[in-house]
Amino acid sequence: MLFKEKELSGWGNYPKVKTKLLKPRYVEEVRQILKYKNNVARGLGRSYGDQSVNEDHFTTDLSALNHFISFDAEKGILECEAGVCLADIISTFAPKGWFPLITPGTKFVTIGGAIANDIHGKAHHVDGSFSSCVLEFKILLADGSLLTASRKENPDLFWANFGGLGLLGFIISAKIKLRKIETTYFITKSIKISNIEEMLDAFDQYDQQYQYSVAWIDPLAKGKSLGKGVLSLGNHATVAQLSPAKQKSPLKISSPAKLTLPFFLPDFSLNKYTVSVLNKAIEIVQSQNGSITHYESFFYPLDAIHYWNRGYGKRGFIQYQFVIPPVNGSYNITRILTKIASSGCVPFLNVLKKLGKAQTEMLSFPMEGYTFAIDFPVTKNLPSLIRDLDEMVLHMQGRIYLGKDAMLDEKTFRAMYPNFEKWLAVKQKYDPTNFFSSNIARRLGLKAKKDENKLVIH
Ligand SMILES: Cc1cc2nc3c(=O)[nH]c(=O)nc-3n(C[C@H](O)[C@H](O)[C@H](O)COP(=O)(O)OP(=O)(O)OC[C@H]3O[C@@H](n4cnc5c(N)ncnc54)[C@H](O)[C@@H]3O)c2cc1C
């Protein structure tokens with residue numbers, strides 16, 4: 001198996017690094033790759049930062065391992081290879097009445113990537129994170145052994161992989177539980193909200209009535225309007241709730257997106273003016289969300305344009321996502337948004353969600369509280385703003401989503417994730433030679449203690 005020298009980045013196009021890229025097609029080819037030490041798996045590269053890149057070393061694209069293995073149509077249990085993506089699952093199983101149990105804001109994520117970042121959706125407070133739907137997975141370790149990990153078998157390896165950033169082994173396949181659905185539509189409601197306090201109250205008020213909730217927040221609003229935006233709510237629709245026209249095809253799936261952003265927009269095209277025009281447009285679209293909405297526009301509005309990330313220009317962007325506990329929520333969010341407003345860095349898009357209780361205790365991100373995701377184009381002043389924000393989030397007893405991060409430092413990471421040592425013990429046990437590494441692993445010190453003498457057997 002040969003590698004190609006390639007420049008690669010995450011979805012934010014920052015940082016861009018030179019790597020040696022491998023793309024195995026079968027499990028046997030993945031085994032051959034075990035001769036290439038210092039390696040990290042890659043799915044569809046939808047992590048925003050440096051999670052699936054490995055500068056000057058090896059990156060293994062596992063997206064060609066994309067076969068379904070078996071499906072239990074009674075229980076909705078799918079066994080598939082780890083390179084299968086949610087879009088494949090939807091197009092095959094939604095017409096049969098099954099949908100991914102947990103989905104993020106894009107359907108172009110692989111099962112391996114979903115496990116490695118323990119992704120969450122708009123219903124975390126009800127459904128939990130991706131670990132909720134994973135029954136077991138098979139993982140190829142650096143020493144060539146293929147282990148099954150589940151809640152009963154190798155449970156330490158199982159839990160450490162949720163949020164484990166691909167640093168323990170190549171996940172080869174997984175058994176996941178799908179959700180039974182009557183239709184591919186949602187009953188939705190959109191509410192315009194005028195400030196952050198009202199927004200958090202509205203989340204609480206509609207918590208019990210709606211399974212899914214997410215808010216778009218105007219990134220340029222200030223003063224009394226700080227935190228103004230639109231709260232979007234939704235529940236799965238039954239056939240009886242659809243119009244007669246839609247009842248003819250209740251499990252309709254969408255056709256592939258037709259629009260592609262063909263090249264990077266010039267850096268000057270993003271400024272306060274364009275941000276304000278674009279967010280006005282989002283506000284109008286969000287508030288007009290009808291009462292019956294198809295899953296494509298409900299879950300995946302950004303998937304409508306391929307490579308929309310090029311809109312941020314060649315310098316790239318980061319998505320800064322943090323979670324803070326619910327106590328003093330509106331006060332703390334106000335402090336963070338005020339800090340951003342006075343920084344001179346232009347936030348592009350703000351999304352707010354409420355998260356339920358944490359389910360795993362190592363490197364998984366979700367914990368009870370409010371999570372904000374904010375896009376920033378990369379500029380000279382951005383690293384110092386991010387450092388300040390990281391400090392504030394830490395003091396608020398919150399943490400940063402490692403699956404999106406590009407700038408956190410090791411010391412702050414350790415303070416935000418006090419259970420990192422438990423994770424390191426699992427790394428020491430299953431990958432003592434640090435066969436698996438990546439840019440984020442080096443940046444955050446995610447490595448076993450040196451054990452160079454340990455023999456690696458393939
Ligand atoms: C538009 C958009 C919306 C998003 N919305 C959300 C959201 O709502 N919630 C959320 O949680 N996330 C969200 N994300 C982030 C995304 O869900 C995660 O980054 C996801 O992990 C990406 O999957 P991927 O297949 O592209 O993996 P990659 O980005 O390629 O890799 C992600 C990590 O998984 C590891 N990995 C990949 N495959 C394997 C494997 N087979 N074995 C071992 N490790 C592996 C990699 O090493 C890396 O550490 C969003 C991203 C985008 C672009």
Side-chain angles (χ1 to χ4, degrees), residues 105 120-126 188-210 212-234 272 275-276 278-289 301 318-357 365-376 385-386 388-401 404 416:
H120 60 276
K122 299 196 240 188
H124 183 266
H125 55 294
V126 182
T188 58
K189 181 182 175 80
S190 295
I191 309 165
K192 272 187 160 189
I193 308 250
S194 41
N195 61 48
I196 194 66
E197 257 172 51
E198 272 182 33
M199 184 63 86
L200 301 192
D201 287 348
F203 266 104
D204 290 342
Q205 185 186 341
Y206 290 102
D207 236 12
Q208 305 298 320
Q209 291 173 47
Y210 286 91
Y212 299 96
S213 55
V214 64
W216 161 85
I217 305 280
D218 183 346
L220 300 178
K222 285 189 180 155
K224 282 188 184 147
S225 307
L226 197 96
K228 101 171 164 70
V230 179
L231 175 63
S232 304
L233 304 156
K272 275 206 168 163
V275 170
S276 112
L278 209 109
N279 276 278
K280 195 71 210 159
I282 295 172
E283 182 180 349
I284 292 165
V285 173
Q286 293 277 322
S287 3
Q288 282 175 349
N289 224 344
I318 65 158
Q319 185 167 96
Y320 187 73
Q321 183 168 358
F322 63 86
V323 56
I324 51 170
V327 188
N328 299 327
S330 68
Y331 172 73
N332 283 335
I333 291 173
T334 303
R335 282 177 55 206
I336 291 178
L337 295 183
T338 309
K339 172 83 194 164
I340 293 171
S342 65
S343 70
C345 297
V346 183
F348 190 67
L349 207 82
N350 283 0
V351 173
L352 170 64
K353 288 188 267 201
K354 193 171 168 181
L355 298 182
K357 289 202 170 19
F365 166 69
M367 65 173 215
E368 190 165 21
Y370 299 108
T371 180
F372 246 91
I374 308 171
D375 287 5
F376 289 104
L385 170 66
I386 297 301
D388 291 350
L389 293 179
D390 286 347
E391 275 305 308
M392 291 174 80
V393 169
L394 177 62
H395 280 113
M396 293 168 189
Q397 296 179 322
R399 60 195 185 208
I400 303 300
Y401 186 6
K404 295 190 173 170
M416 285 178 174

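Along the sequence shown, the residues carry numbers beginning at 1.
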(Q) Among residues at least two apart in sequence or on other chains, which ones pass ring-ring contact (aromatic ring centres under 6.0 Å, His included) with F372? (A) F322
Q.
Show the nearest heavy-atom pair for residues P326 and Y370, with the distance to one decimal.
A. CA-CE1, 3.8 Å
(Q) Can you tell me how far apart CD (E198) and OG (S330) are? Round to the nearest 0.5 Å. (A) 11.5 Å
(Q) Working to the nearest 0.5 angstrom, can you tell me the gap between Q397 CD and N332 CG? (A) 10.0 Å
(Q) If you compare all heavy atoms of S194 against all heavy atoms of K228, which two are closest, and at what distance to 0.1 Å? (A) O-CB, 3.3 Å
Q | salt bridge (Lys or Arg N to Asp or Glu O under 4.0 Å): pairs with one or both residues in residues 324-335, sequence neighbours excluded | A | none
Q. Among pairs that include at least one residue of residues 321-331, which meet salt bridge (Lys or Arg N to Asp or Glu O under 4.0 Å), considering only residues two or more places apart or in two chains?
A. none
Q. Hey, does M367 have a side-chain heavy atom less than 4.5 Å from the side chain of L355?
A. no
**Q.** Shortest non-hydrogen contact between P219 and N350, atoms and distance
**A.** CA-ND2, 3.6 Å
Q: Using atom types as modelled and distance alone, determine if a side-chain donor or acceptor of Y210 lies under 3.5 Å from a backbone N or O of S232.
A: no
Q: Return yes when atom CD of Q208 has more than 12 non-hydrogen atoms of other residues, nucleotides or ligands closer than 6.0 Å, and no otherwise.
A: no
Q | Sole residue of T338, L337, I336 in side chain to side chain contact (heavy atoms under 4.5 Å, CB included) with T334 | A | T338
Q. Atom CG in N328, atom CE in M396: separation rounded to 0.5 Å?
A. 9.5 Å
Q. Nearest heavy-atom pair of M416 and G398: which atoms, and what distance?
A. CG-O, 3.7 Å
Q | Inter-residue atom distance I324.CD1 - H395.NE2, 0.5 Å rounding | A | 14.0 Å
(Q) Tell me the closest heavy-atom pair linking V346 and F376, and the distance in Å. (A) O-CD2, 3.9 Å
Q | Distance (rounded to the nearest 0.5 Å) between L385 CG and S342 OG | A | 8.5 Å
(Q) Side chains of I374 and I217, heavy atoms from C-beta outward: is any pair under 4.5 Å? (A) no
**Q.** K353 side chain near H124 side chain, heavy-atom distance below 4.5 Å
**A.** no
Q | Non-hydrogen side-chain atoms of I400 and L389 separated by less than 4.5 Å | A | no
Q | Residues forming a ring-ring contact (aromatic ring centres under 6.0 Å, His included) with F365, sequence neighbours excluded | A | H120, Y401
(Q) Checking L352 against L200 for the side chain to side chain contact (heavy atoms under 4.5 Å, CB included) test, could you report, in this order, the C-alpha distance in whole Å, the side-chain angles of both residues, the deciding distance, and whether it holds? (A) CA-CA 10 Å; L352 170 64; L200 301 192; 4.0 Å; yes
Q: Tell me, please, which residues at least two apart from D204 pass salt bridge (charged side-chain N to carboxylate O under 4.0 Å, His left out).
A: K354
Q: Sequence neighbours left out, what passes salt bridge (charged side-chain N to carboxylate O under 4.0 Å, His left out) with E197? Give chain and number order.
A: none
Q: Answer yes or no: is there a side-chain heavy-atom contact under 4.5 Å between K224 and N195?
A: no
Q) Looking only at heavy atoms, which two atoms of V393 and R399 are closest? And how far apart? A) CG1-N, 3.5 Å
Q. Rounded to the nearest 0.5 Å, how far does CG of L233 lie from CD of Q205?
A. 9.5 Å
